[in-house]
Amino acid sequence: MRCVIARFPFDLVKSEVESKMDGIRPEEVTGACVVIGRKVFPVKQVGEVITRQDRRDFTAGEVTRALVRLGFTCHATPPQSQSQPPLASGSTPDPFGSPGG
């Protein structure tokens, strides 16, 4: 698939993106992110790897649009951990580990 990131054209293929990210440790996710395999990566980290450009040269939106078109699942914010269920409205977390309060 042809896309433009930071004014440069790229021909991206989903399997190639997956192979480039294979073996790379995800950085801490604080904003826009993408699920590749079983890992959640910041989209800026993925953009830097697949384009070989400095992440300051492109926006998270440019990379997110390209990754969504390739069929990846992207999130505007980090998805909640599967190990902790969401808190009920108005409840506070128990400091001893049991959910709800």
Side-chain angles (χ1 to χ4, degrees):
M1 176 201 72
R2 191 160 192 83
C3 64
V4 176
I5 298 174
R7 299 184 315 272
F8 290 97
F10 292 94
D11 287 313
L12 299 176
V13 177
K14 185 174 184 175
S15 60
E16 290 177 4
V17 172
E18 292 169 332
S19 67
K20 284 183 181 183
M21 297 309 295
D22 188 40
I24 294 181
R25 185 174 183 203
E27 297 171 359
E28 181 180 350
V29 177
T30 57
C33 57
V34 58
V35 178
I36 299 177
R38 294 184 161 187
K39 298 177 183 176
V40 179
F41 292 91
V43 293
K44 288 280 214 162
Q45 180 184 12
V46 175
E48 187 173 57
V49 171
I50 64 176
T51 67
R52 295 190 206 125
Q53 295 180 348
D54 188 291
R55 60 183 74 185
R56 294 173 292 185
D57 294 339
F58 54 82
T59 67
E62 290 176 292
V63 179
T64 299
R65 281 189 295 277
L67 293 172
V68 166
R69 286 179 57 200
L70 284 173
F72 290 102
T73 301
C74 295
H75 303 276
T77 59
Q80 272 195 329
S81 171
Q82 297 294 341
S83 62
Q84 291 186 352
L87 294 174
S89 178
S91 64
T92 58
D94 181 358
F96 301 107
S98 61

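The basis for the numbers below is simple: all heavy atoms, side chains too, and nothing from hydrogens, waters or symmetry mates. On a predicted model such as this, the values are computed, not experimentally measured, just so you know.
Between K14 and G71 the shortest heavy-atom distance is NZ-O, 3.4 Å. Between C33 and V43, the closest heavy-atom pair is C-CG1, 3.7 Å. Between C74 and T64, the shortest heavy-atom contact is CB-CG2, 3.8 Å. M21 and V46 make their closest contact through CE-CG2, 3.7 Å (heavy atoms, listed as atom of the first residue, atom of the second, distance). A pairwise comparison of heavy atoms in F58 and T51 identifies CE2-OG1, 3.9 Å as the closest pair. Scanning all heavy atoms of the two residues, the minimum distance from F72 to V35 falls at CD2-O, 3.6 Å.
The closest side-chain heavy-atom distance from R2 to P9 is below 4.5 Å. Side-chain contact between F41 and V49: absent, with no pair of heavy atoms (C-beta onward) separated by less than 4.5 Å. Side-chain contact between T73 and H75 is present, with at least one heavy-atom pair separated by less than 4.5 Å.
Of the inter-residue distances, the one linking Q45 atom CD with R25 atom CZ reads 10.5 Å to the nearest 0.5 angstrom. Distance check: L12 CG to L70 CG gives 5.5 Å after rounding to the nearest 0.5 Å. Here CG of D11 is found 9.0 Å from CD of E16. Values are rounded to the nearest 0.5 Å. Atom CG of D57 and atom NZ of K44 lie 8.5 Å apart (nearest 0.5 Å). Here the CD1-CD distance, from I5 to E48, works out to 12.5 Å after rounding to the nearest 0.5 Å. With rounding to the nearest 0.5 Å, the separation of CZ in R7 from CD in E62 is 9.0 Å.
Under the 4.5 Å side-chain heavy-atom criterion for Ile, Leu, Val, Met, Phe, Trp and Tyr, V34 and F10 are members of the same hydrophobic cluster. Connection of M1 to L67 is established within a shared hydrophobic cluster, with ILVMFWY side chains joined at heavy-atom distances below 4.5 Å, either directly or through further cluster members. Hydrophobic clustering (ILVMFWY, side-chain heavy atoms < 4.5 Å, transitive): V63 and F8 are in one cluster.
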